[in-house]
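Here the structure is laid out as structure tokens; the discussion comes afterwards.
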Amino acid sequence: LQPTELRPLVEKIFSDLKPPAENKNIELINQLSEFTATADVNRLEQVLANLVDNAIKYGRAQGHVTVDGKKLDDGKLEIFVQDDGPGIPPESLQRVFERFYRVDKARSREQGGTGLGLSIVKHIVQAHDGEVWVKSELGKGATFYFTLPTAQ
């Protein structure tokens with residue numbers, strides 16, 4: 001674990017994922033302040049890349065994917081990745097972090113992937129002493145949140 005600046009890491013991920021975002025005409029928006037977390041930079045990159053990639057895959061064409069966050073009162077950082085896609089049905093919200101769980105099996109097959117991404121995100125965040133959760137409203141997109149320790 002080491003001090004890791006989040007804003008430049010998100011910019012790197014946006015650069016890496018620019019082609020699929022451009023294919024769907026999705027605007028990538030980095031609103032993160034200059035936060036520094038205590039993290040394994042490679043694992044944190046995996047978390048953010050997975051969440052942004054999912055937001056692009058499942059977000060709507062001509063939409064937006066936003067990464068932002070805030071410092072919490074307990075000293076942790078809360079980061080979120082938000083899309084404006086179709087959202088996640090309420091009955092699936094608790095299950096999306098399970099291994100191999102798919103909200104829409106037919107659509108997932110056409111998008112590719114293994115169904116392990118969000119499970120991996122959950123385990124990496126927990127290994128950083130953080131939490132992960134999702135909020136969604138059908139027709140209004142999904143927002144995935146996670147917490148990380150702030151660098152001292």
Quiz prompt | Residues forming a side chain to side chain contact (heavy atoms under 4.5 Å, CB included) with E22, sequence neighbours excluded | solution = K18
Quiz item: salt bridge (charged side-chain N to carboxylate O under 4.0 Å, His left out): which pairs involve residues 136-152, sequence neighbours left out?
Solution: E137-K140
Exercise. With the side chain counted from C-beta on, respond yes when N30 and E11 share a heavy-atom pair under 4.5 Å apart, and no when they do not.
Key: yes
Exercise. Treat each ILVMFWY residue as a node, draw an edge where side-chain heavy atoms are under 4.5 Å apart, and state whether L1 and L148 are in one component.
Key: no
Quiz item: Are V67 and I29 close enough that some pair of their side-chain heavy atoms sits under 4.5 Å apart?
Solution: no
Quiz prompt | side chain to side chain contact (heavy atoms under 4.5 Å, CB included) partners for E34, two or more places apart | solution = E5, R7
Quiz prompt | Residues that D129 engages under salt bridge (Lys or Arg N to Asp or Glu O under 4.0 Å), provided they are two or more places apart | solution = none
Exercise. Check G141 against S136 and note the closest heavy-atom contact, atom names and distance.
Key: O-OG, 2.8 Å
Self-check item: Check: I79 main-chain N/O paired with K70 side-chain donor or acceptor under 3.5 Å
Solution: no
Quiz prompt | Results of ring pair (Phe, Tyr, Trp, His ring centres under 6.0 Å) for F80 - residues two or more places apart only | solution = Y145
Quiz item: Would you say E131 has more than 12 foreign heavy atoms packed within less than 6.0 Å of its CD?
Solution: no
Exercise. Quick one: closest heavy-atom pair of V132 and F97, and the distance?
Key: CG2-CE2, 3.5 Å
Quiz item: Under a single-linkage rule joining Ile, Leu, Val, Met, Phe, Trp and Tyr whose side-chain heavy atoms are separated by less than 4.5 Å, which residues share a cluster with L72?
Solution: none
Practice problem: Mind listing the closest non-hydrogen atom pair of Q31 and T66 along with its distance? | Solution: OE1-CG2, 3.5 Å
For residues 35-48, dump all side-chain donor-acceptor pairs below 3.5 Å to protein atoms at least two apart in sequence or in another chain.
unit_1 : atom_1 : unit_2 : atom_2 : d
T38    : OG1    : T150   : O      : 3.4
D40    : OD1    : N42    : N      : 3.0
D40    : OD1    : R43    : N      : 3.2
R43    : NE     : Q46    : OE1    : 2.8
R43    : NH2    : Q46    : OE1    : 3.3
E45    : OE2    : K12    : NZ     : 2.8

Self-check item: Spacing of CG belonging to N50 relative to NZ belonging to K122, to within rounding of 0.5 Å
Solution: 14.0 Å
Quiz item: Where do I88 and L138 come nearest, in terms of heavy atoms and distance?
Solution: C-CD2, 3.8 Å
Self-check item: Nearest atoms (heavy-atom pairs only) where V125 meets T147
Solution: CG1-O, 3.7 Å
Practice problem: Apply salt bridge (Lys or Arg N to Asp or Glu O under 4.0 Å) to E27 and list each qualifying residue two or more places apart in sequence or on a separate chain. | Solution: none
Practice problem: Check salt bridge (Lys or Arg N to Asp or Glu O under 4.0 Å) between K135 and all other residues, then give those that pass, not counting sequence neighbours. | Solution: none
Quiz item: With sequence neighbours excluded, what pairs up with Q94 under the side chain to side chain donor-acceptor pair (under 3.5 Å) test?
Solution: none
Self-check item: V52/D16 under side-chain contact (heavy atoms from CB on, under 4.5 Å): CA gap, chis, key distance, verdict
Solution: CA-CA 11 Å; V52 171; D16 293 346; over 6 Å; no
Quiz item: According to the side chain to side chain donor-acceptor pair (under 3.5 Å) rule, which pairs have a member within residues 73-87, sequence neighbours left out?
Solution: R60-D84, H64-D84, Q82-T143
Self-check item: hydrophobic_cluster_shared for L32 and F14, side chain cutoff 4.5 Å
Solution: yes
Self-check item: Interatomic spacing from CZ in F146 to CH2 in W133 - rounded to 0.5 Å
Solution: 10.0 Å
Quiz item: Below 4.5 Å, heavy atoms only, C-beta onward: do I56 and L28 meet side chain to side chain?
Solution: yes
